[in-house]
**Student:** 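Take a look at the following structure, please.
Treat the numbers as computed from the prediction; the structure is a model and nothing was measured.
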Amino acid sequence: MLWTRWLVLLLCWGGTGSERQADERDAVPAEVRSDSRRERSPPPVEPLDFGFVPAAVYDTHAYYEPGTIGILFHMVHAFLYMVQPNHFPKDLIVRVIQQNLGAFKIEEWRKSGLTNALLLQWIQYESGFLVCASFGVVFVVLTPIIATCFCMCRCCDNCGGEMHQRQRKNADCHRGFYTASLVGTTIFIILGVLIALAANYNISSQIKSTRRLINTNMRDLKTFANNTPAQIDYLTAQYTTSKNKVLSDLDNIGPLLGGRIHIQLEKSVIPSLDAALRMAGAMRETKEALENVSSSLEVLQEGVGKLQASLSGERASLSNTLSDPACTNGAVSHTCNAIRSTLFQLGINADFSKLPDVNHALANVNTVLKTDLSNIVQRGYASFNDTPRLVKEQTKNIVAGVKGMLDKIGAEITGFSKMFPVEASLANFTIFLNERHKVIESYYPQMDQMDFYRWIACVAVLCMVVLVLAFNILGLLCGNCGYDKQATPTTRGCLSNTGGNLLMAGVGFSFIFACVLMAIITTLFVVGGNVEKLICEPLANRQLFKIIDTPFLVHPEKKNFLPGMLFQNPNIDLTLGSMYRECYENNGLYHALQLETMFNINSFLNRTVYNRDLAKVFESVQVDLQGVMLLEQAGRDNLINFANSGIGQIDYQAYLAEVNKGVTVIDLLSFCSDLEAQADQLPRGALENALRGHASSIRAIHRDQVVPLEQAMSTLNQSIKLLQRTSTDLPVKVTNVLSAIDAAEYLIAHNASHVVKQETKMYVQGLVGYFKQYTEWVKNSLTAEVAQCKPISNIVDSMEIVGCSFITDSVNTFWFGLGGCCILLIPSIIFSVKLAKYYRRMDTEDVFEDGQENWN
């Protein structure tokens, strides 16, 4: 039917094959395929969230735990391993199948002697079964013969048939031994019957579970068929996720592409503008420093004159004080002379009157600052930072074209997915499943009827053994209850005699049923044992798949039968075992059937998602940045005028020489302290008080005049050093700033196209990366999530459970228990015959004249 072919190919539309087709070179734009070793690595692509494919929930749990009866199953498996310990004969079976299928010429086999060799190998493998089967056949054949001979022997009063019991001293020991042996044998036979009965019941109960497995497997197949179209639609719909992300990036092409261009150019542009901006700051700092120098110089020149007058007056006044007659006193004259020798230190040390003013340089700087260089530089920043807007404006038409192409690609993908009648095929598959399910359900009454007949047959077989058990048990009860130690063999009671007769009846039925039971057991043993060893065990360890997957086995002209049957291409490396493993792991049917080798959608995705036209569109991206002006001519003139402002002609050394001097020759506070210390050495009086007054006056001069002058000198010192640093190689610095700006403007004007092309490559790689994420997600989803084929492996596992665990193990357990019963019938016959002699009433007995008789 046509729909079955569509079912096999239902997922072909969305996968990405493992092979790389020749036209994949057309998939990725030429820019993206450039040598990455000569380019910087592209920025990482933002991961996309495609969500989760709608998952199918399957009901079948293909696992069977037998429970308590599993112990019996293990016992049977152990027995079969003892009978047949050889490994699975894979090679032997393959060669036998190949011979029977005519893969090789029969004449060649006969000439080479391979037929006999295979037969010998097969006999060697089946040696355990053959030995056991031979024993069963011998048992079946000999049992009627032995029974006939036994009957004839007893009719001739032999083999225990003579109704006479001789006197023995240990008769009680013999009777007790035979009774215990028969009881033990009977118990073991009962255990065998119970084992067989449990196996018989297990078959019936598990057949009911078979219906549950059939229903859940059918329901899972329907779930598989119903969910697959929704999963395929979900895969198709998720193209919108990558498409929307690409559209978002296209809408933000200004910040993204323009921002990347801006980042690449700013490595040269921003440092040059920063240098110009720092130069504008230096101009303002230079003006402030020149103003500080001018004002500080005026303060110092005026203050030094006033300080000179104050110190001269104080020096004269102190000299008059030291001229006091009191200083002529011998004890005081030494101190006065010491003070008089330090009066010359009360003078000015620095002379600021000879320093040149900086008014000319200050005027030039003020003229330069009339042009706001900072504002000009900020306009340069704004012009350069406007790059994203320029990119967006100049790529407006390109973006519109790309959006149209993306819509076309989405329509092609959707249209391609609709080319395959997936839903119709799966609908037909669902109808087929419903019909098959109804057909299977129609066989349920027949299955129940057949199981009932099977159950009756098994019970009838067990009843044969139960009948023998009944005679044995009744014979033991009647014989032991009716046995009288004081009675002679000829005077035994009716109950005891009945017990003996029942035991002999059990012997008779044992002979009658034994051959029938052994025939049934042998047949079930050979069939069930070989099914377990040749089918169930290799199916459990998947060795059976290796046989089926043997090249050219199923068909002599087809290497692999599964792809040959499904795709008419037997050379595809697809095997039943590999498909089962993939489905057992609940992977997608696309991956399990290796549909990429049958229909590779990768080339289609390359021609659509990785469109060459998309690359060509972006190749035409041209961004004109020549309108970007970093520094206007007014700013350039401003920098040149600042370099020629004259701050380099200032005599900084003369200023620093005077500033580094002190305002006075000596520290006035130290002088005051020394003067007060010397006054303390004088006797108390007018002279001491006068010296202390002069010390106070000098401190006041220091506080009121020297301290402000020192502050003005500090300001002058800092400003002069700042100006000296600024003026050092100022023309060279300005030239370097202008050169850097010229180089940046040249880069923008002449080399921006290379940067634009390079960043466009990175931008396109980002867009392509979104589609790569989509295709990779589709591939992973097809591998593991879409059309998960767990129901297929569940069917195989369910067949194994039903055929092996439910039926074969139970059948093997049945013959195992029944076989034990049949084997134990032999000692049961012997012990029953022996024991019946002590219960039955004899016709004659031994008589002794002394009257001392002992039958015990």
Side-chain angles (χ1 to χ4, degrees), residues 4 7 55-67 69-70 73-74 76-77 199 201-228 426 429-430 432-448 450-451 454 528 531-549 562 565-566 575-589 592-593 787-813:
T4 56
L7 176 62
V57 180
Y58 299 128
D59 297 333
T60 301
H61 299 284
Y63 175 77
Y64 173 63
E65 182 62 41
I69 200 172
F73 292 167
H74 289 302
V76 175
H77 292 164
Y201 174 78
N202 186 67
I203 295 177
S204 298
S205 63
Q206 296 304 335
I207 285 179
K208 297 179 182 179
S209 300
T210 302
R211 298 182 182 182
R212 177 184 58 81
L213 282 176
I214 293 174
N215 293 335
T216 56
N217 277 283
M218 287 294 183
R219 190 160 54 246
D220 289 347
L221 289 174
K222 295 176 185 177
T223 301
F224 169 84
N226 294 330
N227 281 20
T228 299
L426 291 176
F429 180 65
T430 302
F432 170 78
L433 290 177
N434 292 330
E435 293 176 351
R436 293 300 95 190
H437 195 188
K438 290 179 180 179
V439 171
I440 293 174
E441 288 180 340
S442 65
Y443 286 105
Y444 286 165
Q446 299 180 21
M447 292 171 57
D448 293 338
M450 292 176 63
D451 180 65
R454 179 206 55 78
V531 169
E532 173 66 27
K533 300 298 290 188
L534 296 177
I535 297 179
C536 293
E537 285 188 5
L539 185 60
N541 56 27
R542 311 312 170 201
Q543 290 290 325
L544 197 60
F545 290 149
K546 295 181 180 180
I547 293 180
I548 301 175
D549 294 331
L562 186 60
M565 178 181 65
L566 296 178
T575 62
L576 193 62
S578 64
M579 178 183 173
Y580 173 82
R581 286 192 300 271
E582 297 294 339
C583 292
Y584 184 79
E585 295 174 0
N586 203 21
N587 290 327
L589 187 64
L593 290 178
Q788 294 172 320
C789 59
K790 185 67 174 177
I792 296 177
S793 67
N794 283 341
I795 291 175
V796 177
D797 294 338
S798 298
M799 293 173 61
E800 178 189 355
I801 291 173
V802 173
C804 296
S805 299
F806 289 178
I807 298 177
T808 303
D809 284 346
S810 298
V811 169
N812 289 338
T813 304

**Student:** What residues form a side chain to side chain contact (heavy atoms under 4.5 Å, CB included) with Ile795, not counting sequence neighbours?
**Tutor:** Asn217, Leu221, Met799
**Student:** Looking at Ser810 and Ala199, what are the two nearest heavy atoms and their distance?
**Tutor:**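 Taking Ser810 first and Ala199 second, the nearest heavy atoms are O-CB, 3.2 Å.
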**Student:** Please check if atom OH in Tyr444 has more than 12 non-hydrogen atoms from other residues, nucleotides or ligands closer than 6.0 Å.
**Tutor:** yes
**Student:** Pairing donors with acceptors under 3.5 angstrom, does anything connect the side chains of Arg219 and Thr60?
**Tutor:**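 Not at all, the side chains of Arg219 and Thr60 share no donor-acceptor pair under 3.5 Å.
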**Student:** For Gln788, does its backbone N or O pair with a side-chain atom of Tyr58 as donor and acceptor, under 3.5 Å?
**Tutor:**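 Confirmed, Tyr58 side chain pairs with Gln788 backbone.
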**Student:** When rounded to the nearest 0.5 angstrom, what is the spacing between SG in Cys789 and CE in Met579?
**Tutor:**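 Taking SG in Cys789 and CE in Met579, the distance rounds to 6.0 Å.
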**Student:** What's the separation between atom CG in Asn541 and atom NZ in Lys546, rounded to the nearest 0.5 Å?
**Tutor:** 8.0 Å
**Student:** Mind telling me whether Phe806 and Tyr64 have parallel, tilted or perpendicular rings, with 30° and 60° as the class edges?
**Tutor:** perpendicular
**Student:** Checking Asp809 against Ile69 for the side chain to side chain contact (heavy atoms under 4.5 Å, CB included) test, could you report, in this order, the C-alpha distance in whole Å, the side-chain angles of both residues, the deciding distance, and whether it holds?
**Tutor:** CA-CA 10 Å; Asp809 284 346; Ile69 200 172; over 6 Å; no
**Student:** Would a 4.5 Å heavy-atom cut-off, applied to side chains only, mark Asn226 and Thr430 as touching?
**Tutor:**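 In short, these two side chains touch, coming nearer than 4.5 Å.
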**Student:** Distance-only, no hydrogens or angles: does the Lys790 side chain make a donor-acceptor pair with backbone N or O of Tyr584 under 3.5 Å?
**Tutor:**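 Pair found, side chain donor or acceptor close to backbone of Tyr584.
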**Student:** To the nearest 0.5 Å, what is the distance between CD1 (Ile203) and OG1 (Thr813)?
**Tutor:**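 Reported value, rounded in 0.5 Å steps: 8.5 Å.
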**Student:** Do Arg581 and Asn587 make a side-chain contact, defined as non-hydrogen atoms from C-beta onward lying under 4.5 Å apart?
**Tutor:**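 SC-SC contact between Arg581 and Asn587 ruled out.
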**Student:** When you measure from the side chain of Thr228 to the backbone N and O of Ala225, does any donor-acceptor pair fall under 3.5 Å?
**Tutor:** no
**Student:** Evaluate the side-chain proximity of Val76 to Glu532: yes if any heavy-atom separation is below 4.5 Å, no if none is.
**Tutor:** no
**Student:** Can you give me the closest heavy-atom contact between Gly70 and Pro66, atom names plus distance?
**Tutor:**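 Scanning both residues, the minimum pair turns out to be CA-CG, 3.7 Å.
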**Student:** Supply the atom-to-atom distance His61 NE2 to Arg212 CZ, rounded to the nearest 0.5 angstrom.
**Tutor:**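 These two atoms lie 9.0 Å from each other.
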**Student:** Out of curiosity, Leu213 CG to Asp59 CG, how far, rounded to the nearest 0.5 Å?
**Tutor:**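 CG of Asp59 is found 12.0 Å from CG of Leu213.
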**Student:** Run the side chain to side chain contact (heavy atoms under 4.5 Å, CB included) test on Leu433 and Phe224 for me, step by step, so that the C-alpha distance in whole Å, both residues' side-chain angles and the decisive distance to 0.1 Å come before the verdict.
**Tutor:** CA-CA 11 Å; Leu433 290 177; Phe224 169 84; over 6 Å; no
**Student:** What distance do Met447 atom CE and Ile207 atom CD1 have between them, rounded to the nearest 0.5 Å?
**Tutor:** 6.0 Å
**Student:** With a 4.5 Å limit on heavy-atom distance, are the side chains of Tyr443 and Val439 in contact?
**Tutor:**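 Heavy-atom side-chain distance check passes, below 4.5 Å.
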**Student:** Using only atom types and a distance under 3.5 Å, with no angle test, would you say the side chain of Thr808 pairs donor to acceptor with the backbone of Gly803?
**Tutor:**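 Side chain of Thr808 to backbone of Gly803: a pair is present.
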**Student:** Indicate yes or no: at least one non-hydrogen side-chain atom of Val57 is less than 4.5 angstrom from one of Thr223.
**Tutor:** no
**Student:** Under a plain distance cut-off of 3.5 Å, with no hydrogens placed, do His77 and Asn812 share a side-chain donor-acceptor pair?
**Tutor:**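 Distance-only check fails for Asn812 and His77.
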**Student:** Which residue pairs pass the salt bridge (charged side-chain N to carboxylate O under 4.0 Å, His left out) test with at least one member in residues 534-545, sequence neighbours excluded?
**Tutor:**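 For residues 534-545, and leaving out neighbouring residues, the salt bridge (charged side-chain N to carboxylate O under 4.0 Å, His left out) pairs sorted by first residue read Lys533-Glu537, Arg542-Asp797, Arg542-Glu800.
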**Student:** Going through the checks in order, is the side chain to side chain contact (heavy atoms under 4.5 Å, CB included) test met by His437 and Lys222?
**Tutor:** CA-CA 11 Å; His437 195 188; Lys222 295 176 185 177; 4.1 Å; yes
**Student:** Would you mind telling me which of Ile801, Asn586, Asp220 makes a side-chain contact (heavy atoms from CB on, under 4.5 Å) with Asn794?
**Tutor:**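 For Asn794, the side-chain contact (heavy atoms from CB on, under 4.5 Å) test succeeds with only one of Ile801, Asn586, Asp220, which is Asp220.
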